[in-house]
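Below is one structure, written out as structure tokens; comments come after it.
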Amino acid sequence: MNTNAIDFDRYDRIRPIRWTGQALELLDQRKLPFVVEYVTCADSDAVAEAIHALTVRGAPAIGIAAAWGVVLASRTVEANDGRDAAARLEPALQRLNAARPTAVNLAWALARMRRALAAAGADWREVLEREAQAIADEDLAANRRMGALGAALIPPGSGVLTHCNTGSLATAGFGTALGVIRAGVAEGRIDKVFAGETRPWLQGARLTVWELQQDGISPTLIADSAASHLMRSGDVQWVVVGADRICANGDTANKIGTYQLAIAARHHGLKFMVVAPSSTVDMETPSGDAIHIEERDPGELFAVGGVRTAADEIGAWNPVFDVTPHELIDAIVTERGVIERPDEAAMKAAFG
Ligand code: MRU
């Protein structure tokens, strides 16, 4: 496994989160692919709102954005040391934490900021800024390592199907599942990349195919409902997805529709890979049954691009994540290594 073999500059051009020293700039993912525009968050509540509104989205990216939100909050309080500051900052941290419930990276990043603060002295503001930068830098490094580890599982000449957006847009850069796909293409292992539209928010159609296009990779977009038919055709060998929370038994929450892909992959004899940094692993949650699945405004189902497509005055149910049971997962790839056929024992061996 050699991460140096991949030309990262060629295969990774987009950065969704920019820290200016005074404010946080977020690439507005609600407007992509037709408008490429950064919004500026000058305080932590603006960051919380941006996370809730999906201006920034993707599990690692919302953790990184929240960490910078804490840095912004630190500019508004006076304190002598980290412990003193921690008490004053806690309400802002709680509001950031409440922005979205399913991706554990958000709570993980805030817990890490709290720990840094608890150990800090008079320089607590600089400590927080260094910690936020470290969270972002470590995420990029983890993604590059996972790219190489995951790609090594894919035989040359393969086709892959991915879901949602797990790329640079969802992380500090390079991506998780999309990082594996970038590495697999660069190494000549992946010949064909299929991306599901990912209804209702269309992360696949609006973000993934656009992001791959920027890197000179030509993806094929499919309707989510075409996945089983594609699998039957023999054109894909692996389904490669990201994660929002991986439980102590390997059960994995990810974008709604992932579970049905895993069932269909098993039926067709395809392999199913979950790619996520260790910041997505939640050993405190025993199984998928205990995960809080976010439900969003049913209005997201009534319209496409602002044009109503559903009949008037109907109800809708809009859970935006589902849980893939660990029995359907062939490999979980983190920066710490590959866990094949994950279960409670294998997870415990890897993450304690
Ligand atoms: O609702 P989103 O767009 O934040 O959901 C994103 C996903 O489900 C991703 O697959 C997951 O966060 C991993 S991103 C590297």
Side-chain angles (χ1 to χ4, degrees), residues 51-52 54 57-60 62-63 66 94 96-111 162-166 170 176-177 196 198-201 203 224 227-228 239-267 270-298 300-301 315-334 336 338-352:
I51 292 170
H52 180 71
L54 309 187
R57 32 75 38 211
I62 65 180
Q94 294 289 342
L96 285 162
N97 194 45
R100 289 193 82 186
T102 304
V104 73
N105 305 63
L106 178 57
W108 172 88
L110 293 171
T162 191
H163 190 55
C164 195
N165 172 268
T166 61
T176 58
T198 319
R199 284 280 294 151
W201 214 70
Q203 286 93 333
D224 296 324
S228 293
V239 177
V240 187
V241 297
D244 285 80
R245 192 180 292 251
I246 301 173
C247 301
N249 69 348
D251 289 357
T252 294
N254 191 50
K255 179 53 55 193
I256 192 79
T258 303
Y259 178 29
Q260 65 192 16
L261 291 180
I263 294 170
R266 184 59 56 92
H267 178 78
L270 310 187
K271 299 282 190 177
F272 191 88
M273 186 192 306
V274 171
V275 189
S278 55
S279 54
T280 306
V281 174
D282 173 15
M283 295 299 280
E284 307 281 299
T285 299
S287 75
D289 294 339
I291 298 177
H292 178 175
I293 298 292
E294 178 181 7
E295 293 186 16
R296 293 184 69 86
D297 181 357
E300 289 182 353
L301 290 168
W317 179 48
N318 189 20
V320 298
F321 297 99
D322 58 25
V323 174
T324 300
H326 63 90
E327 294 89 346
L328 294 177
I329 299 171
D330 292 291
I332 292 178
V333 177
T334 77
R336 299 197 197 168
V338 177
I339 303 168
E340 293 193 56
R341 291 176 297 281
D343 59 13
E344 197 181 332
M347 289 297 292
K348 197 169 177 188
F351 294 100

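All values below come from the heavy atoms of this structure, side chains included, with hydrogens, waters and symmetry mates left out. Just so it is clear, the structure is predicted and the values come from calculations on it, not from any experiment.
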Among Glu300, Glu295, Glu294, exactly one meets side chain to side chain donor-acceptor pair (under 3.5 Å) together with Asn318. Which residue is that? Glu300

Rounded distance [0.5 Å steps], OG1 in Thr258 versus CD1 in Ile263: 11.0 Å

Assess the residue pair Val323 and Thr252 against the criterion (side-chain contact (heavy atoms from CB on, under 4.5 Å)); give the C-alpha distance rounded to whole Å, side-chain angles, the decisive distance to 0.1 Å, and a yes or no. CA-CA 5 Å; Val323 174; Thr252 294; over 6 Å; no

After noting the C-alpha distance and the side-chain angles of Arg100 and Val320, does the key distance pass the side-chain contact (heavy atoms from CB on, under 4.5 Å) rule? CA-CA 11 Å; Arg100 289 193 82 186; Val320 298; 4.2 Å; yes

Can you tell me how far CZ of Arg57 sits from CG of Asp244, rounded to the nearest 0.5 angstrom? 9.0 Å

Ion pair present between Asp282 and Arg245, side-chain N to carboxylate O less than 4.0 angstrom? yes

Any side-chain heavy atom of Pro325 sitting closer than 4.5 Å to one from Tyr259? yes

Using a 3.5 Å distance criterion without hydrogens, assess whether the side chain of His52 forms a donor-acceptor pair with backbone atoms of Ala99. yes

Name every donor-acceptor pair, under 3.5 Å, that has one atom in a side chain of residues 271-281 and the other anywhere in the protein, sequence neighbours excluded.
from, atom 1, to, atom 2, distance (Å)
Ser278, OG, Glu335, OE2, 2.5
Ser279, OG, Asn105, ND2, 3.2
Thr280, OG1, Asn105, OD1, 3.2
Thr280, OG1, Asn105, ND2, 3.0

For His292, does its backbone N or O pair with a side-chain atom of Thr102 as donor and acceptor, under 3.5 Å? yes

Kindly give the heavy-atom pair with the smallest separation between Glu284 and Pro286, and that separation in Å. O-CD, 3.5 Å

If only atom types and distance count, is the side chain of Asp224 paired as donor or acceptor with the main-chain N or O of Arg199 below 3.5 Å? yes

Just wondering, do Asn97 and Leu106 contact through their side chains at under 4.5 Å, heavy atoms? yes

Interatomic distance, Asp251 atom CG to Ile291 atom CD1 [nearest 0.5 angstrom]: 7.0 Å

Using every non-hydrogen atom in the two residues, find where Thr162 and Val240 come nearest and quote the distance to one decimal. OG1-O, 2.7 Å

Rounded at 0.5 Å granularity, tell me how far NE2 in His326 sits from CG in Asn249. 4.5 Å

To the nearest 0.5 Å, how far apart are CD1 in Ile51 and CG in Leu96? 6.0 Å

What's the shortest heavy-atom distance between Lys255 and Gln203, and which atoms? CE-NE2, 3.6 Å

Among Ile256, Leu54, Leu301, whose side-chain contact (heavy atoms from CB on, under 4.5 Å) with Arg296 holds? Leu54

How close do Ala109 and Gly63 get, heavy atom to heavy atom, and via which atoms? CB-O, 3.2 Å

Measure the CZ-CG distance between Arg341 and Asp330 for me, rounded to the nearest 0.5 Å. 8.0 Å

Residues Ala290 and Thr285: closest non-hydrogen pair is CB-CG2, 3.7 Å

Closest approach of Gly242 and Thr166, non-hydrogen atoms and distance? N-CG2, 3.7 Å

Side chains of Ile293 and Asp322 in contact at under 4.5 Å (non-hydrogen atoms): no

Decide yes or no for Ile332 and Val338: does some side-chain heavy atom of the first lie under 4.5 Å from some side-chain heavy atom of the second? no

Return a table of donor-acceptor pairs under 3.5 angstrom between the side chains of residues 342-352 and protein atoms on other chains or two or more places apart.
from, atom 1, to, atom 2, distance (Å)
Asp343, OD1, Ala345, N, 3.2
Asp343, OD1, Ala346, N, 2.9

